[in-house]
Chemist: 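Structure below; questions to follow.
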Amino acid sequence: MSKKKSPKHKSGWRWLFPVLVIGAAALGLHLLVLDREIRDKFESHRWNLPSRVYAAPTALYPGLAMSPGDFEAKLARVSYKKMTSDPREVGEYAVTKTGFKVYLRNFTYPTEDFPGLPVEIGFAGGKVSSMKRLDTGDDLKTARIEPELIASIFDDKMEDRTVVALDAIPEACVDAVVAVEDERFYGHHGVDPIAVVRAIVTDVLHLGARQGGSTLTQQLVKNFFLTSEKTITRKLNEMLMAALLELRYSKDEILEAYFNEIYFGQKGPVSVTGVEEAAKFYFGKGVSHLTTAECATLAGSIRLPGEYSPHRNMEKAIDRRNLVLRMMRDQKKISEEDYQSARKEKITLPRANPRVFGAPYFIDFVRAELKENYPEDVLKSEGMRIFTTLDPEAQDAAEAAVKRRLEEIETARPKIKKLKEEGENLEAALIAVQPQTGAVRAFVGGRDYESSQFDRIRDARRQPGSAFKPFVYAAALRTGEEGVEPPWTLASSVDDTAFSVKVGGKPWSPDNYDKKEHGLVTLREALEQSYNIATVKIAMSVGLEKVIDLAREAGIESELKPYPSLALGAFEVTPLELVRAYTVFPNQGTRTEPLAIMNVVTRDGVVLEKKGFKMRKVLSPDVAYLMNSVLKGVVDRGTAAGARRMGFTGLAAGKTGTTSDYKDSWFVGYTPDLLALAWVGFDDNTATGLSGASGALPIWTDFMKAAGSSGASKEDFPGTENILLVKVDKSGHLYRDVCGEPFEEAFLKNTIPTTKCQESDGHDE
Amino acid sequence: MKWLSVFLIVLSLGALGCAGKREPGRAKPPADSRQAPVGADEDELTPQRAASNALIDDGEKTFAQGRYDAAADLFQQAVTVDPTNGAAYYHLALAKVRSGEYGEAEGLIEKADQLLGGKAEWAERLEELKRDFDKNKSSKDF
């Protein structure tokens, strides 16, 4: 029998051998392919990192106008944690009798390192009254709170991640993760046979919860290369790749990749990925500052991030953390004493989580500026840090003002309400800049980004109406410096009586907003009350070309033609160019370019781009002072006096704008420190029935009351030695005590009137 | 190459000139002796001015190390904190000239001139800055 069978056996083996050879070759090839894939991914060591857009850092100094409430809100915005005892770690603060003790975080801006410091900040009378270091006791002249993250620019995966080196991860975090996820990590070669057997047994016998049996290396492989489908092939590939990974790389290299790759839950639509981002999300600080208990909390959440997140379920998170701590103690990673104290630690979540997609129109503006130098996929993957000028508090105030006032208008005005019901939304825009630097502080391109991404600040072309008039008057006042005789002054008379002029062969005659004529008025009155007839007369007398020249110098780039209607703002502009042009007034005659981006820095801290303040002199500070003086009158007693009635009490100047048929409602106004433009209208030019004072001004006022308080406390705009205040009567002549009420008017030194007023006839209106 | 060496020489001369004239401590000019202009309080030591000056101090240290870019960041913050501080514009303009950003420097010099122009103690430094700018700009133009 055996003799008969042996040839058969022999032929069987002969048949099997090539199969085995081919199989081995195929496996070898497969391994080579896998190995190649691993090396490519691992050695490039690049994750797609979202670029991050930051607001401006907050400078603190003694005397800064800020209430304790605003300060605490600021801390909450950047995720500082409120403690009941003195702060011991960066990112913590405690309230004291006179202010706060804060452990400021260290940060880099844009390339300078600002070390984390424990400081005590006192407040008194709505101001920062004292600042001192708690470690040395030294007084501080300035301190900075790190810039707030406004938004991140993600790729399609929407993974929020900050890469961190293994050195920066506390040992306790490594121990905690190893203890709970892969206790034999340092002993196995990628696959842990004991864990595999245990997992199979648990699975087959249905003994309680399923256990993954995956090592850290396998988890990394799964995240890096594979889908989450549960097939034998995938599992085998995972094991092979894990083994290969361990052959090629050290345990430390694998750990570092693991800590940067692992998923820690969701922050809205965005995945919190990597331990650094998780530390910020859960504890409001970088991973290097985590305590043992915090490390254990994070490690505990890896298995089921949704379930064990302290944001979602504090009790479960604590139970899970304590389990991890127990495992750490059992595996002799921590002492019994450490275990006991860590178990008792309270989990304090940061008070607010940073926004993921804040200030959307502003971010679009930033992206558009970046697009010239950086393609979109670079922004989405290279982890650049983009530092901007935005003031997040001002931005919030702007968004709130737009929302509240538009809703109010819709409630109060049936016509607009009806249009809304028909699907046509009243829109608004607001931009605020620091006039001396052009730094954009707030930027709202529409009422709701979700429903309309059209940016009305940059892209809406609208007639400015009377908001254009200041350029007419500035051109007129400039005649005082040009040797024109007689020069225009704020006291010059102009006849606000209807007239007609031929334009393109046809007669055209401007009329006033109130449909009345006002006779002889001063230049000041004409602008404060926004008289159209007088304004056109002034513009034609000064010369329309001169008006255009000035508007151009100030930064209006849109088409302007020398038609008389130019004076009334008939030529369309964008809000962005109009706000730029207005910088010349609060900035003493100097125009500044709106500036959104300050620096662009790579993930490795190399500065790619720096932007600075761009300014150019347009008007003399003297003429700028005259303009400020008259535009102040607009707010105090002219067409924008509504701002006062709405409770804005500080120093401010500005101009309303209403276009024909009430299509556009504007207000452009400023304090010495903040210039803001508000616009209200329909995108399709439907009439709103709103004037500048009833549509845009309330938005501006709400915004300025919340954001523009510091400059408003000043008494006047900066004066110059060429300006003299002279008493005149209401006709603009030198005052005598027989001429009724005097008015103190500002003049260029060389343009003081020489004629005295006539005796008042006692019939003043 | 030729213009580069000219540029470098001018730069180092400028730096020497500056170093020579720096007064002990921060070079804050004494209060203006002229009549106060209408509504102006530009020399009042407001909290903003004090903070801005402290940032200028920090910036000057960085500037002295030849780190003009980093110094410009600090001077920029000094301008932002107190945009009426002429000294902040002066230092920012100087840092921009040193780092070759003439486009920005021009407007800043104008502004420094506007805010400090009437002050005798700044006259020489402003003149020097303007000369520095003109020379460097023209050497760059060629």
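This is a predicted model, so every value here is computed, not measured. Lettering of chains follows the sequences in order, A, B, ..., and the numbering in each one begins at 1.
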Chemist: Are side-chain N/O atoms of Q77(B) and R144(A) paired as donor and acceptor at under 3.5 Å?
Modeler: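 Per modelled atom types, Q77(B) and R144(A) side chains form a pair under 3.5 Å.
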Chemist: Any idea how F71(A) and F123(A) line up, ring-wise: parallel (<30°), tilted (30 to 60°), or perpendicular (>60°)?
Modeler: tilted
Chemist: So, T720(A) versus N722(A): side-chain donor-acceptor pair below 3.5 Å or not?
Modeler: no
Chemist: Tell me, for Q76(B) versus chain A, whether the close heavy atoms (under 4.5 Å) come from the side chain, the backbone, both or neither.
Modeler: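 Both backbone and side chain of Q76(B) come within 4.5 Å of chain A.
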Chemist: Top residue by heavy-atom pair count (under 4.5 Å) with chain B, among E112(A), R616(A), K127(A)?
Modeler: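 The candidate making the most pairs under 4.5 Å is E112(A).
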Chemist: So which residue, L64(A), N587(A), T437(A), ends up with the most heavy-atom pairs under 4.5 Å with chain B?
Modeler: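 Of L64(A), N587(A), T437(A), N587(A) has the most heavy-atom pairs under 4.5 Å with chain B.
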Chemist: Using a cut-off of under 4.5 Å on heavy-atom pairs, state which of V79(B), L55(B), V81(B), D69(B) scores highest against chain A.
Modeler: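 The candidate making the most pairs under 4.5 Å is D69(B).
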Chemist: Salt-bridged, K132(A) to D139(A), with N to O below 4.0 Å?
Modeler: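 Not counted as a salt bridge, because no side-chain N and carboxylate O are separated by less than 4.0 Å.
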Chemist: Between the side chains of R524(A) and S629(A), is a donor N or O closer than 3.5 angstrom to an acceptor N or O?
Modeler: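 Per modelled atom types, R524(A) and S629(A) side chains form a pair under 3.5 Å.
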Chemist: Where on R591(A) is there a heavy atom nearer than 4.5 Å to chain B: the side chain, the backbone, both, or neither?
Modeler: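 Contact with chain B: none, neither part.
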Chemist: Side chain from CB out, backbone as N, CA, C, O: work out which of these in A59(A) comes under 4.5 Å of a heavy atom of chain B, or both, or neither.
Modeler: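 Just its side chain gets close to chain B.
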Chemist: Consider only side-chain N and O atoms of K141(A) and N53(B), and report whether a donor and an acceptor are under 3.5 Å apart.
Modeler: no
Chemist: By a 4.5 Å heavy-atom criterion (distance strictly below it), what part of N599(A) contacts chain B: side chain, backbone, both, or neither?
Modeler: side chain
Chemist: Of the backbone (N, CA, C, O) and the side chain (C-beta and beyond), which part of K614(A) lies under 4.5 Å from a heavy atom of chain B, both, or neither?
Modeler: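 Side chain only.
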Chemist: Counting heavy-atom pairs under 4.5 Å to chain B, which of A439(A), P435(A), P621(A), P57(A) comes out on top?
Modeler: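 Most heavy-atom pairs under 4.5 Å with chain B: P621(A).
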Chemist: So for K611(A), is it side chain, backbone, both, or neither that comes closer than 4.5 Å to the heavy atoms of chain B?
Modeler: backbone
Chemist: Step through it carefully: locate the ring centre of F717(A), locate the ring centre of Y625(A), and say whether they are under 6.0 Å apart.
Modeler: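 No, the ring of F717(A) stays outside the 6.0 Å limit from the ring of Y625(A), centre to centre.
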Chemist: Given heavy-atom pairs under 4.5 angstrom as the criterion, report whether the side chain, backbone, both or neither of L92(B) touches chain A.
Modeler: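 For L92(B), the side chain is the part near chain A, not the backbone.
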Chemist: Anything under 30° is parallel, anything over 60° is perpendicular, the rest tilted; go ahead and classify Y109(A) against F107(A).
Modeler: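 The rings of Y109(A) and F107(A) sit tilted, inter-plane angle from 30° to 60°.
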